[in-house]
Protein chains: 2
Amino acid sequence: MSIEKVARLAGVSTATVSRVLNGYEGVRPATRDRVLAAIAAIQYQPNLLARQLRTSRSRMLLVLVSNIINPFCSRVVRGIEAEAEAHGYHILLCNSDSQTQRESAYLTLLSGKVVDGVITMDAVSNLPGLRQMIGDSPWVQCAEGNPESEGSSVTIDNQQAAREAIAHLTQRGRQRIAMINGDPRYLYAQQREKGYRAALAERNVKWAAVEYANEVECEAGYAAMERLLARGQRPDAVFAVSDVLAVGAIHCARQHQLRIPEDIAMLGFDGLPWSAMLSPPLSTLEQPMHQLGVRSVQLLLQRIKDPHAPHVHEQLNCKLVERASS
Amino acid sequence: MSIEKVARLAGVSTATVSRVLNGYEGVRPATRDRVLAAIAAIQYQPNLLARQLRTSRSRMLLVLVSNIINPFCSRVVRGIEAEAEAHGYHILLCNSDSQTQRESAYLTLLSGKVVDGVITMDAVSNLPGLRQMIGDSPWVQCAEGNPESEGSSVTIDNQQAAREAIAHLTQRGRQRIAMINGDPRYLYAQQREKGYRAALAERNVKWAAVEYANEVECEAGYAAMERLLARGQRPDAVFAVSDVLAVGAIHCARQHQLRIPEDIAMLGFDGLPWSAMLSPPLSTLEQPMHQLGVRSVQLLLQRIKDPHAPHVHEQLNCKLVERASS
DNA sequence: CTGTTAGCGCCTTCAG
DNA sequence: CTGAAGGCGCTAACAG
């Protein structure tokens with residue numbers, strides 16, 4: 001089942017078989033046909049591991065994501081995979097749950113030459129241990145990136161997005177805008193909160209309230225809303241950093257006999273398709289999810305091709321979609 | 001950066017280094033320490049490709065999924081990954097979009113020894129071409145499986161689940177139950193439709209209406225509902241094969257000034273967490289998503305360990321969750 | 001146009 | 001307890 005058997009059967013050398021396999025030009029049609037026939041005869045399948053070892057290129061990309069269950073993540077990953085496949089690359093998926101140990105287990109695949117590069121969608125850039133494991137291997141941070149760290153990144157302008165969110169809500173006359181944020185270990189969470197506070201400050205609004213959801217699941221959004229409502233003065237608007245969290249928050253508000261948007265306006269983030277189909281339809285900040293993935297791959301492949309290519313920090317635009325919830 | 005450098009630096013043979021690396025017993029502590037020191041000194045990282053080639057085991061599993069964006073899929077994949085990781089395996093993800101060509105591209109990784117086995121969540125068992133590529137490599141069908149095909153499978157009893165759905169709706173006094181089904185090339189869709197029709201027949205109900213969503217996205221659910229409402233007599237209940245489709249269907253019904261559940265009862269499928277937080281909360285058939293993934297990996301690893309282990313066809317239970325939408 | 005040869009980096013008998 | 005040597009299957013010079 002090796003290249004050698006094919007060679008023997010076709011009466012040629014292994015080199016020739018290899019040439020046929022890899023589509024080299026200089027092979028006489030007659031011999032090529034003999035080789036092809038031999039391949040078909042024994043149903044030969046090249047051993048890709050051997051090839052990868054020899055060429056030291058695996059055409060595989062590692063994708064480190066906090067949790068694929070987050071619909072935002074799965075859509076970005078879809079973009080990654082689509083673009084990777086278009087260039088003949090495959091992807092290896094790691095759900096880290098932000099556990100350093102799991103991430104480092106996967107990163108050995110990078111040093112172990114099993115993958116040619118890595119795209120991280122998790123808070124790794126501020127973890128020195130992981131940074132060191134990545135070394136100067138091809139690396140792109142996607143959606144969650146520190147522009148000041150080494151390595152390229154493709155993100156949105158989180159701070160700016162949060163400002164737009166607040167601008168929108170104040171414009172609609174809201175006075176007490178609360179925020180349901182994600183785990184503050186994430187840069188995106190830090191940046192959005194910074195934008196939120198800055199926007200309020202600019203408007204001389206002193207009322208602020210932030211609750212953190214420990215994961216991006218609607219139950220966590222519900223719980224955060226519960227805590228928000230348990231505080232003294234009730235907010236008249238909530239800015240959630242994910243549509244998923246917003247769903248939970250809306251449900252919680254309803255349980256408290258509050259009307260959306262009359263009593264509380266609600267604004268989500270991400271722009272998942274079903275946000276438009278909720279009742280009321282959810283206003284949200286739409287991220288270019290697919291494109292985030294696509295661009296990340298493009299930058300990564302560029303760097304794989306030329307390890308000395310400069311690092312790039314790209315920011316894609318997001319878009320406020322106004323609907324009935326705010 | 002190879003094992004040989006370590007050996008030279010430590011003044012031992014490559015064999016000894018290998019022994020240390022793989023935790024073999026019979027190495028004198030003194031030499032082991034020297035080796036460990038050398039490894040640390042040059043920051044040696046084993047080349048996993050070489051190891052995989054040599055041992056012909058990659059500890060990687062291929063997961064072929066139609067589309068990771070489907071929340072049902074991402075939750076199953078999460079289960080797969082969790083269990084795989086617990087056994088020291090990594091996973092390679094392929095979004096096939098049910099395109100035979102893409103699937104076969106990924107399956108070369110199986111014949112190419114890049115992965116030790118494959119879990120398919122897509123309609124492949126009835127595609128002879130792909131079946132042949134898999135050959136008798138370790139293979140488990142997850143969530144979408146043909147019990148009559150070779151290879152193991154872990155599924156739910158789709159037909160039975162559909163019967164329960166109809167039983168529930170008729171019990172609530174519904175007379176004209178329509179179905180929003182998935183792509184009929186999938187076995188799950190065929191089986192659920194069979195259950196739907198059988199349940200109606202048993203009750204001597206002649207009214208039936210089935211529309212197919214071309215993908216599992218809420219927009220497709222919306223479109224299917226639109227077609228359903230454009231038909232002559234309007235249904236008083238809809239059984240959708242996915243909560244995602246149900247969201248779209250509900251939205252469409254609302255646009256037509258129909259109330260849920262008064263005018264139309266709605267029943268979803270999968271049991272995604274946010275189905276409980278919609279308004280009204282969505283009744284649904286809850287699948288053991290995580291467990292489907294976990295069991296698949298267990299069966300697969302079993303078969304990798306012992307290629308002659310018998311094929312198993314397991315069915316996990318799903319559960320009707322009654323909420324306000326029906 | 002084709003064959004010979006030398007590894008890629010590792011593990012694993014088989015000797016000692 | 002340790003070393004020498006062979007080979008996993010493939011590609012890429014280098015000859016011819």
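None of the values given here were measured: they were computed from a predicted structure. A note on names: the letters A, B, ... follow the listed sequences, proteins ahead of strands, and every chain is numbered from 1.
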Quiz item: Given C/dT2, is OP1 or OP2 found less than 4.0 Å from the side-chain N or O atoms of A/Y24?
Solution: no

Quiz prompt | Separation of C/dC8 C1' from B/K5 NZ (nearest whole Å) | solution = 13 Å

Quiz prompt | Most 5' of A/A15 and B/T16 on DNA chain C, judged by nearest nucleotide | solution = A/A15

Exercise. May I have the distance from A/R54 (atom CZ) to C/dC8 (atom C1'), rounded to whole angstrom?
Key: 6 Å

Quiz prompt | Selected nucleotide, minimal atom distance to A/L53 side chain, candidates D/dC10, C/dC8, C/dC11 | solution = C/dC8

Practice problem: Please state how far atom CG in A/L48 lies from atom C1' in D/dT11, giving the value in whole angstrom units. | Solution: 13 Å

Quiz item: So what does B/S2 touch, heavy atoms closer than 4.0 Å: a base, only the sugar-phosphate, or nothing?
Solution: sugar-phosphate

Quiz item: Just checking, is any N or O donor in the side chain of B/T155 or B/Y188 under 3.5 Å from an acceptor N or O on the other one?
Solution: no

Quiz prompt | N/O (side chain, A/R51) to phosphate O (OP1/OP2, D/dT11) under 4.0 Å | solution = yes

Practice problem: Return the value, rounded to whole Å, for the distance between atom CD of A/Q45 and atom P of D/dC10. | Solution: 11 Å

Quiz item: Taking CZ from B/R32 and C1' from D/dT2, how many angstroms apart are they, rounded to a whole number?
Solution: 14 Å

Exercise. Map B/G11 and B/A50 onto DNA chain D by nearest heavy atom, then report which one ends up closer to the 5' terminus.
Key: B/G11

Exercise. Kindly say whether A/L64 contributes a backbone atom to a donor-acceptor pair with the side chain of A/E103 at under 3.5 angstrom?
Key: no

Quiz item: Should B/N47 be listed as having a side-chain N or O under 4.0 Å from OP1 or OP2 of C/dC8?
Solution: no

Quiz item: With a 4.0 Å cut-off on heavy atoms, is A/G112 in touch with a base, just the backbone sugar-phosphate, or nothing at all?
Solution: nothing

Self-check item: B/R57 CZ to C/dT12 P, straight-line distance once rounded to whole Å
Solution: 10 Å

Exercise. Before accepting this row, confirm whether a basic side-chain N of the pair B/R303/B/E150 lies closer than 4.0 Å to the acidic partner's carboxylate O.
Key: no

Practice problem: Write down the distance between CD (B/Q52) and P (C/dT12), rounded to a whole number of angstrom. | Solution: 14 Å

Practice problem: Quick one: label A/T31 by what it contacts on the DNA or RNA (base, sugar-phosphate, nothing), any heavy atom closer than 4.0 Å. | Solution: sugar-phosphate

Quiz item: Rounded to the Å, how far apart are B/E4 CD and C/dG7 P?
Solution: 11 Å

Practice problem: Please state whether the phosphate of D/dT2, meaning OP1 or OP2, lies under 4.0 angstrom from any side-chain nitrogen or oxygen of B/R28. | Solution: yes

Practice problem: Spell out, as yes or no, whether a donor-acceptor pair under 3.5 Å connects the side chain of A/R78 to the backbone of A/G293. | Solution: no

Quiz item: Should B/R19 be listed as having a side-chain N or O under 4.0 Å from OP1 or OP2 of D/dT2?
Solution: no

Practice problem: For B/G26 and for A/S18, find the nucleotide of DNA chain D with the closest heavy atom, then tell me which residue's nucleotide is more 5'. | Solution: B/G26

Quiz item: Donor-acceptor pair, B/E81 side chain versus A/N95 backbone, under 3.5 Å?
Solution: yes

